[in-house]
Amino acid sequence: MLRLAGVPVFLWLVLVPQADWWALGLLAFAGISDWLDGKIARIWDQASRLGALLDPMADRLYIFAALLGLVVRGIVPWWLMAVLVLRDGLMLLSLPVLRHYGYGTLPVNFAGKAATLCLLYSFPLLFLAGYAGIVGDGARIVGWAFALWGTAIYWWAGLLYAVQGRRLIAQSRRADRPSGTGDDPVPGVAATSGGDSRAGAEPGQPEQTAPGRGCGPPSSGTTDRKGATSPP
């Protein structure tokens, strides 16, 4: 929650007084707290669904705030921000589709974490690139390397999310598809993911099991409780 509350403060420091060193200090605090709260949650077994949702949200908000400040001040071009925001926009549009099939937010993969780390490394360096001298020149080179590499991995992580979501949707569709030989589903017949179905027998009547799905070879008739076989 402290990290989320620091996002507007960070943006104000970048745009209004342009206190870059204070802004970088706040960004460093956000990065350290990002690592620390995850470690504490794992050690004390306090992981929660809310934390899993807010943690990547805070990272994305810091990325957006830093990009907005860099674009407004003319340090980076607008297309870098557009490329990153477009990727997040596509991810947001996929959430209603996943929820329609009964899935929530996909877990963060390693590529997404690596991309976020590269981008959060690049922004302080790009802020320092605005200063003259050898420090600014070195920060510009390393900062752009992290920014471009992080952007590429960011999109690669998005493609991995898309593949994962497509597989989950296909799996859900296969599970919901009625089994049979092409005939219309009969009322009272329950379809299962294994492909077998059992007719809803009336009370007192034994269930009919599809041939090949039982524990033994199919018999020519049904068997009562005493083991006698009735005529087919």
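Computed from a predicted structure; not experimentally measured. Counting from 1, the numbers follow the sequence of the chain as shown.
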Worksheet item: Run the side-chain contact (heavy atoms from CB on, under 4.5 Å) check on Leu24 and Leu128 step by step: do they pass?
Response: CA-CA 10 Å; Leu24 295 181; Leu128 294 177; 4.0 Å; yes
Distance-only criterion, 3.5 Å: show the donor-acceptor pairs between side-chain atoms of residues 83-97 and protein atoms not counting sequence neighbours.
residue: Arg87; atom: NE; partner: Tyr154; partner atom: O; Å: 3.0
residue: Arg87; atom: NH2; partner: Tyr154; partner atom: O; Å: 3.4
residue: Asp88; atom: OD1; partner: Arg60; partner atom: NE; Å: 3.4
residue: Asp88; atom: OD1; partner: Tyr154; partner atom: OH; Å: 2.9
residue: Asp88; atom: OD2; partner: Tyr154; partner atom: OH; Å: 3.1
residue: Ser94; atom: OG; partner: Met91; partner atom: O; Å: 2.6

How many angstroms lie between [atom1] in [X] and [atom2] in [Y], if you round to the nearest 0.5 Å?
X: Leu67; Y: Leu11; atom1: CG; atom2: CG; answer: 11.0 Å
X: Leu13; Y: Gln18; atom1: CG; atom2: CD; answer: 11.0 Å
X: Leu61; Y: Leu68; atom1: CG; atom2: CG; answer: 12.0 Å
X: Ile141; Y: Leu125; atom1: CD1; atom2: CG; answer: 11.5 Å
X: Leu80; Y: Leu70; atom1: CG; atom2: CG; answer: 8.5 Å
X: Trp21; Y: Leu26; atom1: CH2; atom2: CG; answer: 15.0 Å

Hydrophobic clusters here meaning ILVMFWY residues chained together by side-chain heavy-atom distances under 4.5 Å, can you tell me if [X] and [Y] are in one?
X: Ile75; Y: Phe146; value: no
X: Ile169; Y: Val163; value: no
X: Ile63; Y: Ile32; value: no
X: Val76; Y: Trp155; value: yes
X: Trp35; Y: Val7; value: no

Worksheet item: How about Arg73 and Phe127: do any of their side-chain heavy atoms sit closer than 4.5 Å?
Response: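 A side-chain contact exists here, since the closest heavy-atom pair is under 4.5 Å.
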Worksheet item: Does some side-chain heavy atom of Pro124 sit less than 4.5 Å from a side-chain heavy atom of Leu27?
Response: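 In contact.
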Expected list for residues 40-59: side-chain donor-acceptor pairs under 3.5 angstrom, two or more places apart:
residue: Ser48; atom: OG; partner: Gly51; partner atom: N; Å: 3.1
residue: Asp55; atom: OD1; partner: Arg3; partner atom: NH2; Å: 2.7

Side-chain ([X]) to main-chain ([Y]) donor-acceptor, under 3.5 angstrom:
X: Ser172; Y: Leu168; result: no
X: Ser122; Y: Leu119; result: yes
X: Tyr161; Y: Asn109; result: yes

Tell me the closest heavy-atom pair linking [X] and [Y], and the distance in Å.
X: Gly69; Y: Val14; result: CA-CG1, 3.7 Å
X: Gly150; Y: Ala115; result: O-CB, 3.6 Å
X: Ala66; Y: Phe123; result: CB-CD1, 3.5 Å

Would you say [atom1] of [X] has more than 12 non-hydrogen atoms from neighbouring residues, nucleotides or ligands within 6.0 angstrom?
X: Trp149; atom1: CH2; answer: no
X: Tyr101; atom1: OH; answer: yes
X: Tyr103; atom1: OH; answer: yes
X: Arg166; atom1: CZ; answer: no

